[in-house]
A.B. asks: 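Attaching a single structure in structure tokens format; questions to follow.
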Number of protein chains: 2
Amino acid sequence: MRAKKVATDVRQEQIAMAALELVAERGIKALQVADIAKRVGVVPSAIYRHYKGKGDILDTVLQLIGQRLQENVLGVCDETSDALQRLELLLMRHARLLTTYRAIPSVIFSEEIYGGTPEQRNKASSIVKPYMRAIMRIVSEGQQAGAIRDDLHARTVAVMVMGIIQPAAIIAHLERGRFDLGNHVQQAWPVLRRGIEVR
Amino acid sequence: MRAKKVATDVRQEQIAMAALELVAERGIKALQVADIAKRVGVVPSAIYRHYKGKGDILDTVLQLIGQRLQENVLGVCDETSDALQRLELLLMRHARLLTTYRAIPSVIFSEEIYGGTPEQRNKASSIVKPYMRAIMRIVSEGQQAGAIRDDLHARTVAVMVMGIIQPAAIIAHLERGRFDLGNHVQQAWPVLRRGIEVR
DNA sequence: GCTTATTGTGAATCAGTATTCACAATAAGA
DNA sequence: TCTTATTGTGAATACTGATTCACAATAAGC
């Protein structure tokens, strides 16, 4: 049965969302045009009416992921002005995001970072760096406000914040319910806070 | 020019080492039988004289990686009995390993964990879990010895220890010399130590 | 209703990688 | 030296996934 004809901007959106879900479930490398098509409800060759190729779809997906991370940052900054609280809330939001999109860590740790072309590396960068910078900004503000030790590099702290989430997401997945990511964040954050806060 | 004939146990070893290097440089997905063969100095079809298929080579590589991580654990336990020092030394060794084998984090965070079969997930587990357990053991010993807070789950601490290294390795790679992994460990470890040590 | 640009389809093509296959060469043992 | 098991080779095959291509169908505009 032939799918209904849909305007290209609508179909592009559907394709992007389908691809995002698939990437988030299984990672980049497992993404196949045929799977996207199936999820959208068209045949694979129809995808090329709306995107030039698979690479273009992936570019869009990476943008979407980056956006979601940035939305989380904006959200916590709206919610409180206290840097330590911002970090805590950001970790919670990040954990929630990863519960929905389980494979996102593997996107960030994509093998393209190592084996890929400079172009591919730049694309991976395009997610990681802005997020890192946003966290560093929060840390710096906390240092200026006297809540966070200013003898530490903001980057060191920011990397440690990311370090709460990233390995934990993997382990949560491997442990199948015997290790809860949100729970881990609640336990790990006070440890890190103790390490970075001014006493 | 025809390669010299080599006994299969020797060739198997060569193949495994070549594959390990390639995986460590570029990750699992970029591993190709042709590249292994080239690195060993034979044609691709010769590989099948010694390994049933690519999957068997990969199994061997995963074992080798796991072994190296365990060797690091054994090494630090030989070197000192103090848990906090063990963790610090382990982090140093881990950082050193990752400087040599850059793509190892992506192996551990392999997309197979998410999208793969249960069998593939078990294989990924086979690296992560023993390493985690070893760290947890060190943490537990530190708690019993009164050096590490015993109000924390050993697992929480172990995951945080891993969290010092994993995102940092990526960022070191992306930053191209502007972010040194060993340096980060030296800065980050005291922060974590402050969070976990008994005062 | 007719025209036309756009979108959907199904088959074919292409490219890349893993693997098989049949022949060749080597090294060890008798 | 001869035999044979084992390992190396190069071509062919098989498989998978991305993409092209030509035809079909749809929806909008006149």
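Numbers restart at 1 for each chain; the letters A, B, ... are given by sequence-line order, proteins then strands.
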A.B. asks: Is a side-chain N or O of A/Gln143 found less than 3.5 angstrom from the main chain of A/Arg149, in a donor-acceptor match?
C.D. replies: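 Yes, A/Gln143 side chain to A/Arg149 backbone: donor-acceptor pair under 3.5 Å.
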A.B. asks: Does a side chain donor of either B/Asp59 or B/Gln63 reach within less than 3.5 Å of an acceptor in the other side chain?
C.D. replies: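 No, no side-chain donor-acceptor contact under 3.5 Å.
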A.B. asks: Name the closest nucleotide to the B/Ser45 side chain, picking from C/dA27, C/dT9, D/dG10.
C.D. replies: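 Nearest nucleotide to the side chain: D/dG10.
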A.B. asks: Find every protein N or O atom lying less than 3.5 Å from an N or O atom of nucleotides 1-5 of chain D, and list the pairs.
C.D. replies:
none

A.B. asks: Under a 4.0 Å heavy-atom cut-off, which of residues 48-60 of chain A touch DNA chain D?
C.D. replies: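 Within this stretch, A/Tyr48, A/Arg49, A/Gly53, A/Lys54 sit under 4.0 Å of the strand.
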A.B. asks: Report the distance from atom CG of A/Leu31 to atom P of D/dA18, rounded to the nearest whole Å.
C.D. replies: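 About 8 Å, once rounded to whole Å.
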A.B. asks: Please give, in whole Å, the distance from C/dT17 P to B/Ile47 CD1?
C.D. replies: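 Taking CD1 of B/Ile47 and P of C/dT17, I get 15 Å after rounding.
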A.B. asks: Under 4.0 Å between any heavy atoms, over every strand shown, what does A/Val43 touch: base, sugar-phosphate, or nothing? Just pick one.
C.D. replies: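 If one applies the 4.0 Å heavy-atom cut-off, A/Val43 turns out to touch a base.
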A.B. asks: Can you work out whether A/Ala34 or B/Asp9 has the more 5'-proximal nearest nucleotide on DNA chain D?
C.D. replies: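 Nearest nucleotide further toward 5': that of B/Asp9.
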A.B. asks: Between the base of D/dT7 and the side chain of B/Arg2, is there a donor-acceptor distance below 3.5 Å?
C.D. replies: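 Yes, the side chain and the base share a sub-3.5 Å donor-acceptor pair.
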A.B. asks: A/Tyr101 and A/Ala24: which non-hydrogen atoms are nearest, and at how many Å?
C.D. replies: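 The pair with the smallest heavy-atom distance is CD2-CB, 3.2 Å.
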A.B. asks: With the side chain counted from C-beta on, respond yes when A/Leu90 and A/Tyr131 share a heavy-atom pair under 4.5 Å apart, and no when they do not.
C.D. replies: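 A/Leu90 vs A/Tyr131: side chains touch.
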A.B. asks: Ignoring hydrogens, what is the shortest heavy-atom contact between A/Leu181 and A/Ala168? Give both atom names and the distance.
C.D. replies: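 In terms of heavy atoms, the two residues are closest at CD1-CB, 3.6 Å.
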A.B. asks: Nearest heavy-atom pair of A/Thr156 and B/His184: which atoms, and what distance?
C.D. replies: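 That closest heavy-atom pairing would be O-CE1, 3.7 Å.
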A.B. asks: Do you know which two heavy atoms are closest between B/Leu174 and A/Ser125, and how far apart they sit?
C.D. replies: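 For B/Leu174 versus A/Ser125, the nearest heavy atoms are CD2-OG, 3.5 Å.
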A.B. asks: What pair of heavy atoms forms the shortest contact from A/Met132 to B/Ile171, and how long is it?
C.D. replies: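 Where A/Met132 meets B/Ile171 most closely, the heavy atoms are SD-CD1, 3.8 Å.
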A.B. asks: From the set D/dA18, D/dA24, D/dT9, return the single nucleotide nearest to any side-chain atom of A/Gln32.
C.D. replies: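 My answer, after comparing the listed nucleotides, is D/dA18.
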A.B. asks: Using whole Å, what does the distance between atom P of nucleotide D/dG17 and atom CD1 of A/Ile28 come to?
C.D. replies: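 That distance rounds to 17 Å.
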A.B. asks: CG of B/Asp35 versus P of C/dT19: gap in Å, rounded?
C.D. replies: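 About 14 Å, once rounded to whole Å.
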A.B. asks: Over how many whole Å does the gap from B/Lys38 atom NZ to D/dT9 atom P extend?
C.D. replies: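 Going from B/Lys38 (NZ) to D/dT9 (P), I get 15 Å.
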A.B. asks: Contact class for B/Ala3 vs. all strands (heavy atom < 4.0 Å): base, sugar-phosphate, or nothing?
C.D. replies: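 It contacts sugar-phosphate atoms only.
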A.B. asks: So what does A/Ile36 touch, heavy atoms closer than 4.0 Å: a base, only the sugar-phosphate, or nothing?
C.D. replies: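 A/Ile36: no heavy atom of the nucleic acid under 4.0 Å.
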A.B. asks: Taking B/Val76's backbone N and O only, do any of them form a donor-acceptor pair with B/Thr80's side chain (distance below 3.5 Å, no angle check)?
C.D. replies: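 It does not hold such a pair.
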A.B. asks: Using only side-chain N and O atoms of A/Arg11, determine if any of them is under 4.0 Å from OP1 or OP2 of C/dG8.
C.D. replies: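 Checking C/dG8 against A/Arg11, a side-chain N or O does come within under 4.0 Å of OP1 or OP2.
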